[in-house]
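Report on the following structure.
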Amino acid sequence: MKDTKTNNMNYSAAFEELQQIVSDIEDGEIGVDELAEKVKRAASLIELCKAKLTSTEEDVEKILQALEGGSK
Amino acid sequence: MKDTKTNNMNYSAAFEELQQIVSDIEDGEIGVDELAEKVKRAASLIELCKAKLTSTEEDVEKILQALEGGSK
Amino acid sequence: MKDTKTNNMNYSAAFEELQQIVSDIEDGEIGVDELAEKVKRAASLIELCKAKLTSTEEDVEKILQALEGGSK
Amino acid sequence: MKDTKTNNMNYSAAFEELQQIVSDIEDGEIGVDELAEKVKRAASLIELCKAKLTSTEEDVEKILQALEGGSK
Amino acid sequence: MKDTKTNNMNYSAAFEELQQIVSDIEDGEIGVDELAEKVKRAASLIELCKAKLTSTEEDVEKILQALEGGSK
Amino acid sequence: MKDTKTNNMNYSAAFEELQQIVSDIEDGEIGVDELAEKVKRAASLIELCKAKLTSTEEDVEKILQALEGGSK
Amino acid sequence: MQPERTTYTLLELTRSIQKTFADRYVSAYWIRAEMNKLNHYSHSGHCFPELVEKQHGKVVAQMRSTLWRDDYIRANEQFIETLGQPLKDGIKILFLARVGFDPIYGLSLRIMDIDPAYTLGDIEREKQETILQLKREGLYEQNKSLALPLLPKRLAIISVETSKGLADFLEIIDKNPWGYRFFYMLFPSLLQGDKAVDTITLQLNRIRKVKNHFDAVAIIRGGGDDIGLSCFNNYRLAKAIANFPIPVLSGIGHSTNETVTELIAHYNAITPTKLAEYLIQAFHNFSVPVMEAQEALLSIPSEILKKEKERLITISNMIGRTVKASFIREKQTLQNQSFRMKREVFHIVSRSRYEVNQYSTTLDVRSRTIITSNHQILLQTNKAISDYCRRQLVNTNEKLTNMEIQVRHLDPVNVLKRGYSITMQNGKAIRDHHMVKTGDTLQTKLLNGTIQSLVQSSSNDSF
């Protein structure tokens, strides 16, 4: 479900676009014709955000563990 | 009952035309001579919309299920 | 009682002529001699309209039933 | 985990930067994208501070032992 | 461990500076960067004070012995 | 242990100075820096005072001469 | 002619005077007078005091008197006992006397007794006058106001060389066990009687010359008899002492009230011994603080140094402790930063994740809603089309039916069926009676068939 367009996107840009899409959908500004496309895009943004979050979490975890391990 | 004219139509154009037909019929602006023809057209538009909607539904459903599955 | 002149007439033209005849008769502008002729013409127009209406009714009903049936 | 940028830094500068980073993170001024980078930087500052502390501690210990030894 | 800066210092100035250093360290007014330097300084002040005390003690002892001897 | 400064000193001034020094020492107003000097001074003042108690410098002859000289 | 004279012998006269005195002055009288001269004859032991009374400095009465040896001895003893001094010239006395006249010795007063209390009062008055005078001159406190040196060790002694008082005094100051050394010089002088004033004054003048060699003058007189102390009340002597440039100390042993000299002296000891002790005490007062100072000096500096060493050790220990505490504190702070950062990072991540999930949920719900609502709308549209269509067909059908009925009504056959007929003239339907004249031929069309008829008349009768 990865989209090539999201490859170089950062979290905040992805999150912003996601917000815009969800807000557009909520406001009824997206018709049936675009809906599937938009949902697809949103889903891929969500995937991206989640992946970024997970990777950040892991990175931080690793860094801090190294730090704590080094301080013993 | 498919009409060739609807082949390339999108949901919103079809729905718009449909609404126009409904409104015309409601206003009695369609005589007996055209009525059968118009109803036929409306029916084919409805079919089209339904088909589009169903396909969108399936797509969205698939995407969302994939998303939910991925987020577990 | 079929009149050749009505063969290619549509419903709305027929109904219009019919209205004209009735109005003319009512206005008494038609002599006794013509009267029978006019009445005869009116009867034939009514026949035509009835036939058209019935055919349209049948067509529409068919379409609508197909539509309603399809939407179930 | 050492960072070249910290090589010539003194403790107070390092600690100050560390505090700034922690405070920025706490104030929500750092987005997910920068987070890992900032944490990495903070970790390297903490390493530096710890190293400085340890080295200072050793120096001080030496001085104090010399003093105690001299006072006997 | 003697510091050239202490050469011409008197006891009370040295002791006062010593107290100031201890108080500064206690109040956390001395950063880690300066700490070793300050402790070194304190150590050299302590040495100075000890030396001054010892010398004073000897001087006083000599004077008083002469006094006692003279008063017998 | 005689000090030139005390030689011509009036013994009452010496007595007063001695008491002042002792009082200062007792009150802790004399620091380590001055202590030896002050003790030295006090010792020499004590010597002076003691000498004054047990010695006399007057000469009867001289007085008699003065008397005769004055009576001429 | 000379009258008969009565003549008397001198004896007769003197006897008569004697008798008259004896008759007139039968008892002894207490008389106040000034004893100008005592006129004591040491050989016989009798006295012949010369008595006067003065007013404003002038003698207004004068008389000789006798004081027999026994009376004199008794009165003198009483005097010494009461006043501390013997009968002498120039004192005021109250005496008991008999007035007598002797043919040979003439008028005389025989003093039988002298009341020393009266004279005492008089002496006291004189003493008070001296004090008052000194006070008036501002000299009373003069000598006292001088500063006695801390060590009054150089003494000019005014005394009698052989006096026991002096010996007592010197015994103490010379042989004190503390080794205090005094320097003194004797300026011998009489210390009682009338000549004392002059000799003391003389010696004071001598001492004045060499006053720089001395710290104080000591007037020393041994105890024993109190005779002749009134000289110390003498104004001149008192003034000389008061004015003296160095302190005058007195050690005059006696049992009576203090003399003026003693009152104005810088210090008065009741005996020479006491004066010596006073001086020794002055040395003590100097020596004790010096010895105490020495003791303090021997103990306190080492205490100060000991305390200072302790202080130094304390502060030295404190540095170690403080530095270690500061390291612990610093490490804790670092740890805290690390903890805070960790906590906050995971907080941010989890919050972000929550937000993303929220959007995911919203996306889900909303997109399904859109689809559902579109389904709904399509259904409604479907229904609307059906409804509207059927209604229109029904309407059209109705209209057509109405039209058919209307046409049927208009068909003339239907009128003729109900018995109506159409009257025509030349094929035209007659609607007005004016259209026909009598005699016209009219055709009447019936449902079945036609009738030919002639018009007889027409009127405008109507239905």
Side-chain angles (χ1 to χ4, degrees), chain E residues 1-3 5-7 9-72, chain G residues 150-151 153 176-181 280 282-341:
Chain E
M1 198 169 281
K2 284 266 164 72
D3 191 7
K5 286 185 278 176
T6 63
N7 277 345
M9 242 186 166
N10 64 18
Y11 182 90
S12 71
F15 195 83
E16 213 170 299
E17 192 185 333
L18 193 57
Q19 279 184 310
Q20 191 56 51
I21 289 172
V22 172
S23 144
D24 285 351
I25 292 175
E26 256 186 331
D27 296 349
E29 285 177 13
I30 291 178
V32 172
D33 297 310
E34 305 156 278
L35 203 57
E37 200 53 46
K38 282 286 174 187
V39 171
K40 198 169 164 190
R41 174 72 181 160
S44 99
L45 290 168
I46 289 169
E47 290 295 319
L48 175 80
C49 284
K50 273 184 189 164
K52 291 259 176 201
L53 272 180
T54 305
S55 120
T56 299
E57 204 170 15
E58 284 166 9
D59 286 358
V60 167
E61 193 64 34
K62 237 183 280 168
I63 296 160
L64 293 180
Q65 271 174 4
L67 187 65
E68 271 177 280
S71 72
K72 269 167 196 168
Chain G
L150 277 179
L151 291 178
K153 61 185 292 175
N176 75 78
W178 301 281
Y180 301 150
R181 285 263 328 258
I280 295 287
F283 271 62
H284 282 331
N285 290 346
F286 184 84
S287 171
V288 168
V290 170
M291 294 316 289
E292 280 172 356
Q294 179 168 334
E295 258 156 49
L297 212 56
L298 288 173
S299 63
I300 294 169
S302 64
E303 277 169 30
I304 289 173
L305 289 170
K306 196 178 155 209
K307 254 184 232 162
E308 202 59 46
K309 268 185 191 167
E310 280 165 10
R311 214 153 73 101
L312 195 59
I313 287 168
T314 305
I315 204 162
S316 180
N317 290 340
M318 261 173 86
I319 285 180
R321 260 205 320 274
T322 312
V323 169
K324 274 169 195 150
S326 109
F327 279 125
I328 289 169
R329 204 170 49 213
E330 206 63 46
K331 277 180 188 165
Q332 195 59 49
T333 311
L334 268 185
Q335 196 72 36
N336 283 347
Q337 297 289 338
S338 183
F339 283 153
R340 272 168 67 188
M341 187 170 67

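So you know, we letter chains A, B, ... as the sequences are listed, proteins then strands, and number each from 1. All figures in this text were calculated on a predicted structure; none of them were measured in a lab.
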Intermediate values then yes/no, side chain to side chain contact (heavy atoms under 4.5 Å, CB included), Val60(E) and Ser302(G): CA-CA 8 Å; Val60(E) 167; Ser302(G) 64; over 6 Å; no
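With rounding to the nearest 0.5 angstrom, the CG atom of Leu305(G) is 13.5 Å from the NZ atom of Lys52(E). Taken to the nearest 0.5 Å, the CD atom of Glu57(E) stands 3.5 Å off from the NZ atom of Lys309(G). One finds the CZ atom of Arg41(E) at 11.5 Å from the CD1 atom of Ile319(G) (value rounded to the nearest 0.5 Å). Rounded to the nearest 0.5 angstrom, Glu47(E) CD and Ser316(G) OG are separated by 9.0 Å. Within the model, atoms CG of Leu64(E) and OG of Ser299(G) stand 9.5 Å from one another, a figure rounded to the nearest 0.5 Å. The CG atom of Leu45(E) sits 9.5 Å away from the CD1 atom of Ile315(G) when rounded to the nearest 0.5 Å.
By a heavy-atom distance cut of under 4.5 Å, Leu18(E), Gln19(E), Val22(E), Ile25(E), Glu26(E) are the residues of residues 18-26 of chain E near chain G, going up by number.
More than 12 heavy atoms of other shown residues, nucleotides or ligands fall within 6.0 angstrom of atom CD in Glu29(E).
Listed by first and then second residue, the salt bridge (Lys or Arg N to Asp or Glu O under 4.0 Å) pairs involving residues 284-308 of chain G are Glu308(G)-Arg311(G) (not counting sequence neighbours).
The candidate with the highest count of non-hydrogen atom pairs below 4.5 Å against chain E, out of Leu312(G), Ile304(G), Leu297(G), Val323(G), is Leu312(G).
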